Amino acid sequence: QVQLVESGGGLVQAGGSLRLSCGASGRMYELYHMGWFRQAPGKEREFVAVIGAYGSPIYYGDSVKGRFTIGRDSAVNSVYLQMNSLKPEDSAVYYCAASRLRLGTSGGDFGSWGQGTQVTVSP
């Protein structure tokens, strides 16, 4: 188990950018695969991106491919999600998640979750 805290959400105009950060604490954090998911009101949880324990592999959901970038910052035990060219449909609560044993794109593959950070993109 690791403890995860998301930050960096907020309100931005369409076409703008935000950088989310997920701070992680716990032993052997570097062995966890880290993912980002999002959920809008009335919608199912959606896979956004995942990065392997040592920085690879990296996968993105089709809806964000080419616009979002996931990365790890080992110096501060964090994972970031750089979001560019934001669209109103990107508005959601974004969650950071960690998996100790399995790298996947389903929520059930991840055992630890943060509380989420709100991202709102205005027209």
Side-chain angles (χ1 to χ4, degrees):
Q1 282 282 96
V2 296
Q3 291 72 53
L4 307 174
V5 180
E6 302 95 336
S7 63
L11 175 65
V12 65
Q13 291 184 329
S17 298
L18 283 174
R19 187 181 180 93
L20 306 183
S21 181
C22 174
S25 62
R27 197 185 307 158
M28 302 182 74
Y29 157 79
E30 67 275 10
L31 297 181
Y32 284 76
H33 314 299
M34 304 296 298
W36 287 96
F37 294 80
R38 67 187 184 186
Q39 188 166 24
K43 305 293 184 180
E44 294 183 356
R45 181 197 294 147
E46 179 185 13
F47 167 73
V48 175
V50 65
I51 184 168
Y54 295 99
S56 65
I58 292 175
Y59 301 112
Y60 295 97
D62 289 341
S63 63
V64 306
K65 197 172 300 181
R67 300 187 297 120
F68 290 11
T69 303
I70 188 172
R72 305 185 73 123
D73 188 346
S74 298
V76 293
N77 285 3
S78 68
V79 176
Y80 66 82
L81 183 69
Q82 179 67 46
M83 305 184 294
N84 298 327
S85 301
L86 283 163
K87 306 173 181 179
E89 49 262 48
D90 294 319
S91 297
V93 176
Y94 283 70
Y95 297 92
C96 178
S99 172
R100 173 66 179 86
L101 300 176
R102 186 177 185 88
L103 187 152
T105 58
S106 298
D109 296 322
F110 296 81
S112 299
W113 294 81
Q115 296 181 12
T117 185
Q118 177 71 51
V119 172
T120 303
V121 184
S122 64

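Since we're looking at a predicted model, the values are computed, not measured.
In the hydrophobic clustering of this structure, Tyr60 groups with Met34; members are Ile, Leu, Val, Met, Phe, Trp, Tyr whose side-chain heavy atoms approach within less than 4.5 Å, directly or through other members. A single hydrophobic cluster is seen to contain both Val50 and Val93, as judged by linkage of ILVMFWY side chains at heavy-atom distances under 4.5 Å, directly or through other members. By the rule that hydrophobic residues join a cluster once side-chain heavy atoms approach within less than 4.5 Å of another member, Leu18 and Leu11 end up as members of separate clusters. Residues Ile58 and Val48 share a hydrophobic cluster, clusters being chains of Ile/Leu/Val/Met/Phe/Trp/Tyr side chains in contact below 4.5 Å. The cluster map of Ile, Leu, Val, Met, Phe, Trp and Tyr, joined by side-chain heavy atoms under 4.5 Å apart, puts Trp36 and Val12 in the same cluster.
Here the shortest heavy-atom pairing between Gln82 and Ser17 reads NE2-CB, 4.0 Å. Across Leu20 and Gly9, no two heavy atoms sit closer than the pair CD2-N, 3.5 Å. Between Pro88 and Ala14, the closest heavy-atom pair is CD-CB, 4.1 Å. Shown here for Gly104 and Phe47, the closest heavy-atom pair between the two residues is O-CE1, 4.5 Å.
Taking the six-membered ring where the residue is Trp, Phe37 and Phe110 present perpendicular rings, their angle passing 60° and hence far from 30°. Under the 30°/60° scheme for interplanar angles, the aromatic rings of Tyr94 and Phe68 are found to be tilted.
Using a distance-only test at 3.5 Å, with no hydrogens or angles considered, a donor-acceptor pair links the side chain of Arg72 to the main chain of Gly52. Glu6 places a side-chain N or O within donor-acceptor distance of the main-chain N or O of Gln115, the cut-off being under 3.5 Å. Of the possible donor and acceptor atoms, one in the side chain of Ser91 sits under 3.5 Å from a partner among the backbone N and O of Val121. Without hydrogens or angle criteria, Arg67 side chain to Ser85 main chain gives a donor-acceptor distance under 3.5 Å.
Looking at Lys65 and Asp62, a side-chain N of the basic residue comes within less than 4.0 Å of a carboxylate O on the acidic one, giving a salt bridge.
Residues Tyr54 and Leu31 form a side-chain contact, since some pair of their non-hydrogen atoms from C-beta on lies under 4.5 Å apart.
To the nearest 0.5 angstrom, Tyr32 atom OH is 9.0 Å from Ser99 atom OG. One finds the CG atom of Leu101 at 7.5 Å from the NE2 atom of His33 (value rounded to the nearest 0.5 Å). Atom CG in Leu4 sits 4.5 Å away from atom SG in Cys22 (nearest 0.5 Å). To the nearest 0.5 angstrom, Arg38 atom CZ is 14.0 Å from Thr117 atom OG1.
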Chi angles and distances behind the side chain to side chain contact (heavy atoms under 4.5 Å, CB included) call for Met83, Leu81: CA-CA 6 Å; Met83 305 184 294; Leu81 183 69; 3.9 Å; yes
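Environment of CD in Glu89: crowded, with over 12 heavy atoms of neighbouring residues, nucleotides or ligands closer than 6.0 Å. Around atom CZ of Arg19, more than 12 heavy atoms belonging to other residues, nucleotides or ligands sit under 6.0 Å away.
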